[in-house]
Each structure stands twice: as structure tokens, then as C-alpha cells.
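See structure below.
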Amino acid sequence: MYKVIVDHNPSHSDNDVVKEGLIKSYEAQFGERDKELSIFLKNDSGKVFGGMQAMFDSEAIYIEALWIEETLRKQGYGKKLLAAAEREAIKNGCRFSLVDTWDFQAEEFYLKNGYEKIGELENYWHGHSKLFLRKKLHSSEFHFSPAESSQISLIHGWLQQDHIKEWIHGIGLQNTLNGLEKFFRGESSTTYWIGYHKGTPFAFLITSPEGPDATTLDLFICDLNYLGKGLAVPMIREFLTSQFPNVTKVLIDPEATNKRAIHVYQKVGFKIIGEFIASWHPVPHYQMELYMKDLVNPKKGIGA
């Protein structure tokens, strides 16, 4: 005889039986077993202040939970946890990242990080909607992650190279270094990125929100071995489409004499819309902008 038992304090072993049975049914259907993944945000003493729990197979990673201690929110830690999970998913061959959230929770956070809403159950619970989001993961030769404090020596070394110092020096350089320190302390809306080519760090990128629908961009190919290899244009396109698919436009302001950089930006699709004298370096700079719709659906001739 079998009985239905209502248990408000179930044992872990009983719950594990049900969970394992469900996993085995998925395994029989799809021919593989989902794997668990946890990523934590800890202080130097090892105390957990945030983390992510996920499941993944060869097709997709599903984010089950993402939490940051309330006092540490809006300081970039969620973005770092999400980026770490996506890197692990790409390493394991995943093509998509999936997550669901509530309309009062994290929709804006996921949209800003490249996710698209693919479904909504309205009035699902207490008058609120359940949202389903997905991001296509790019298993290309490039990937990008917010810089870590452990990389400060790498970045400082990069910025001391002659081909970098030509374009960032004086007040501009000091502003960058100060901003980087604030970013590592979680006190900046500006994000400092490291770009990787086949796992090797080679580029330094800086983005900052500009109003509700735009971001600024600055970037340098830092590793001398990667100069003149034709990687700048595909790298920029990959960076913007993977990290900022939901912004309306991207802004960049090279020095007017930096002909090589301007040529690269124009090949990506940026257009010159004005000229100004920069406060951090009083020489002519161009204002250039790129509408993301033109990058995602390029007109014939862009980048030719």
C-alpha cells in the first residue's frame, strides 16, 4: 500500500529521492545529466556575502538563484557573478543562459547584461508577473570580464607602454587610475573590462552609462603581440553585441589626430557627429556615435 504523506518538515534524504528521480527522468530524455554550479562572493575571511546557484548541460545554463548582501548591491558584484557563470557555461559548450525573475525583482539588471525577455506570465502570483529571459552566449575567440583587483599590476603595466601613453596621459591617465580604484571598491558606475582572445588578456575597455539608453566606450589594444592583427574591429563588435545589445547607442571620443583609431571606429559603424576640446587634454576630439540597431542589422557597406 502507498500513502500520500503531507510533511511540513521533510528530511533532506526524502527530498533528495524526489530530486534524484526527476534528474534521472531528464537524463533518460536528453541523454545527459545536469551539472550543478555555485559561485560565491566572499571577503578575505571566507564569509559569504553573495552568490549564484545554477544548473547546466551542453545546451544551456539555468540560473536558479543570484543574491548579493543588501549593503553591497549596485556596486558591480552581481555583474561579476553573472559574468563568471557565463564564462563557465561557455567553457562547457553552452549556447544560452536562462533565468526567470519577477517583475519587481531583477528584470532591469538582466536586460542591462544582454538578456532578452522571451516570455511573461501575467498576474502569476499576488498580482505580479513571472518573467523569462535568455541570453545567447558567444563562444567566439573573444570574451570579456570586469577587471579584478588582482589584475591591477597588469593594467598599470599596460598603461605605461609608449603606444598607450601617447593617447592617455596627464589628467586623463590619473582620472583613469582613480576611477579604477573606485571601481574595485564598488563605488563607481563606470565599468573597467579586460578583453581576452582565446583566453589571453590583451585589451582594456572602459564603459560608463550615459543617460537611460546609451553608454560611453574607451578602449586600448594593450598587448604588443596583438597590434596590427586586424582584431580591433571584430573585438569591438563582439564586445558591444554581447555586453550591450539593449542600449540604443554607444558614444566614443577619440583625439582628432588619432587617425588609426578613428578608422577602426568607422569600420565598426561609428559616425563623427561633432568636435570639441576635452577638459582632460585640451586638444580637438571627435564625438562619434553608433546606433546599436545598425551594428546588429548592419547596412550594406559598414565595415567593408
Inset, instruction - Following the transitive rule for hydrophobic clusters with a side-chain heavy-atom cut-off under 4.5 Å over Ile, Leu, Val, Met, Phe, Trp and Tyr, establish whether Y286 and W167 coincide in one cluster. - result: no
Legend entry - Heavy-atom side-chain proximity of T207 to T216 below 4.5 angstrom: no
Legend entry - side chain to side chain contact (heavy atoms under 4.5 Å, CB included) between K267 and I236, intermediate numbers included: CA-CA 10 Å; K267 288 188 70 175; I236 296 171; over 6 Å; no
Inset, instruction - State, with a plain yes or no, whether a side-chain heavy atom of L159 is found less than 4.5 Å away from one of K165. - result: no
Legend entry - Euclidean distance, I90 CD1 relative to H143 NE2, rounded to 0.5 Å: 7.5 Å
Legend entry - Beyond-backbone contact of L37 with M55, side-chain heavy atoms, under 4.5 angstrom: no
Inset, instruction - Using a 4.5 Å cut-off on heavy atoms from C-beta on, say whether the side chain of I155 contacts that of L180. - result: yes
Inset, instruction - Show your reasoning for whether salt bridge (charged side-chain N to carboxylate O under 4.0 Å, His left out) applies to K249 and E210. - result: CA-CA 9 Å; K249 62 182 178 180; E210 184 75 14; over 6 Å; no
Inset, instruction - Evaluate the criterion side chain to side chain contact (heavy atoms under 4.5 Å, CB included) for residue pair T190 and I206; output intermediate values, then yes/no. - result: CA-CA 7 Å; T190 299; I206 307 170; 3.5 Å; yes
Inset, instruction - Taking K259 for its side chain and A256 for its backbone only, find out whether a donor-acceptor pair lies under 3.5 Å. - result: yes
Inset, instruction - Determine whether the side chains of K112 and N246 contain a donor N or O and an acceptor N or O closer than 3.5 Å. - result: no
Legend entry - Within one Ile-Leu-Val-Met-Phe-Trp-Tyr cluster: L131 and L98, side-chain cutoff 4.5 Å: no
Legend entry - S97-Y115 side chain donor-acceptor pair, cut-off 3.5 Å: yes
Legend entry - Distance-minimising heavy-atom pair for F204 and C222: CB-SG, 3.7 Å
Legend entry - Beyond-backbone contact of T101 with L133, side-chain heavy atoms, under 4.5 angstrom: yes
Inset, instruction - Return the set of residues passing side-chain hydrogen bond (donor to acceptor under 3.5 Å, both in side chains) with N175 (not counting sequence neighbours), or none when no residue passes. - result: none
Inset, instruction - Find out whether L82 and M52 are in side-chain contact, i.e. whether some heavy atom of one side chain is under 4.5 Å from a heavy atom of the other. - result: yes
Legend entry - Ring centers of W193, F239 separated by less than 6.0 Å: yes
Inset, instruction - Can you see which heavy atom on Q75 is nearest to which on G186, and at what distance? - result: CG-O, 3.1 Å
Inset, instruction - Test side chain to side chain donor-acceptor pair (under 3.5 Å) on E120 and S129 and set out the steps. - result: CA-CA 7 Å; E120 178 175 350; S129 298; 3.3 Å; yes
Legend entry - Verify same cluster id: F202, F144 (apolar side-chain graph, 4.5 Å): yes
Legend entry - Pi-cation contact, F183 with K80 (under 6.0 Å, within 45°): yes
Legend entry - Under the side-chain contact (heavy atoms from CB on, under 4.5 Å) test, residues paired with W102 that sit two or more places apart: F104, Q105, Y124, W125, H128, K130
Inset, instruction - Compare all side-chain heavy atoms of Q161 with those of L224 and state whether any distance is below 4.5 angstrom. - result: yes
Legend entry - For L137 against A89, the heavy-atom pair lying closest together: CD1-CB, 3.7 Å
Inset, instruction - Treat each ILVMFWY residue as a node, draw an edge where side-chain heavy atoms are under 4.5 Å apart, and state whether I262 and I221 are in one component. - result: yes
Inset, instruction - Please name the pair of heavy atoms, one in N113 and one in K135, separated by the smallest distance, quoted to 0.1 Å. - result: O-NZ, 3.0 Å
Legend entry - Same apolar cluster (I L V M F W Y, side chains within < 4.5 Å links), V48/I63: no
Legend entry - Non-hydrogen atoms of S38 and Q53 that approach each other most closely: OG-CG, 4.0 Å
Inset, instruction - State whether R134 and E116 are salt-bridged, where the test is any N-O pair (Lys NZ or Arg NE/NH1/NH2 against Asp/Glu carboxylate O) under 4.0 Å. - result: yes
Legend entry - For the student: nearest non-hydrogen atoms of Q151 and A147, plus distance: OE1-CA, 3.5 Å
Inset, instruction - Please say whether more than 12 non-hydrogen atoms of neighbouring residues, nucleotides or ligands are located less than 6.0 Å from NE2 in H156. - result: yes
Inset, instruction - Check salt bridge (Lys or Arg N to Asp or Glu O under 4.0 Å) between E148 and all other residues, then give those that pass, not counting sequence neighbours. - result: none
Inset, instruction - Compute the centroid of each ring, for H285 and then for W280, and state whether the two points are separated by less than 6.0 Å. - result: yes
Legend entry - Flag if over 12 foreign heavy atoms under 6.0 Å of CZ, R73: yes
Inset, instruction - Let me see the working for K136 and E59 under salt bridge (charged side-chain N to carboxylate O under 4.0 Å, His left out), right down to the final yes or no. - result: CA-CA 11 Å; K136 184 176 180 181; E59 175 75 9; over 6 Å; no
Inset, instruction - Kindly determine whether L231 and H197 satisfy side chain to side chain contact (heavy atoms under 4.5 Å, CB included), including the steps that lead there. - result: CA-CA 9 Å; L231 295 176; H197 179 258; 4.2 Å; yes
Legend entry - Geometric cation-pi criterion K293 and Y291, 6.0 Å radius, 45° cone: yes
Inset, instruction - State the OH-CE distance between Y265 and M288, to the nearest 0.5 angstrom. - result: 8.5 Å
Legend entry - Donor + acceptor pair across side chains of D100, Y62 (<3.5 Å): yes
Inset, instruction - Could you grab the distance from atom CG of D218 to atom OG1 of T176, nearest 0.5 Å is fine? - result: 7.0 Å
Legend entry - Proximity of H169 and H281 rings by center, below 6.0 Å: yes
Inset, instruction - Given side chain to side chain contact (heavy atoms under 4.5 Å, CB included), test F270 with V264 step by step and report yes or no. - result: CA-CA 9 Å; F270 284 87; V264 167; over 6 Å; no
Legend entry - Non-hydrogen side-chain atoms of Y196 and I194 separated by less than 4.5 Å: yes
Inset, instruction - Check whether any side-chain N or O of N178 sits under 3.5 Å from a backbone N or O of E181 as a donor-acceptor pair, and report yes or no. - result: no
Inset, instruction - For atom NZ of K24, decide whether the heavy atoms of other residues, nucleotides or ligands shown that lie under 6.0 angstrom number more than 12. - result: no
Inset, instruction - Measure the spacing between CD of E107 and CG of D103 and express it to the nearest 0.5 Å. - result: 7.5 Å
Inset, instruction - Nearest 0.5 Å please: distance from the CD atom of Q160 over to the CD1 atom of I168. - result: 10.5 Å
Legend entry - Point-to-point distance, once rounded to the nearest 0.5 Å, from NE2 of H126 to CG of N123: 11.0 Å
Inset, instruction - Answer yes or no: is there an ion pair linking K74 with E108, defined by an N-O contact shorter than 4.0 Å? - result: no
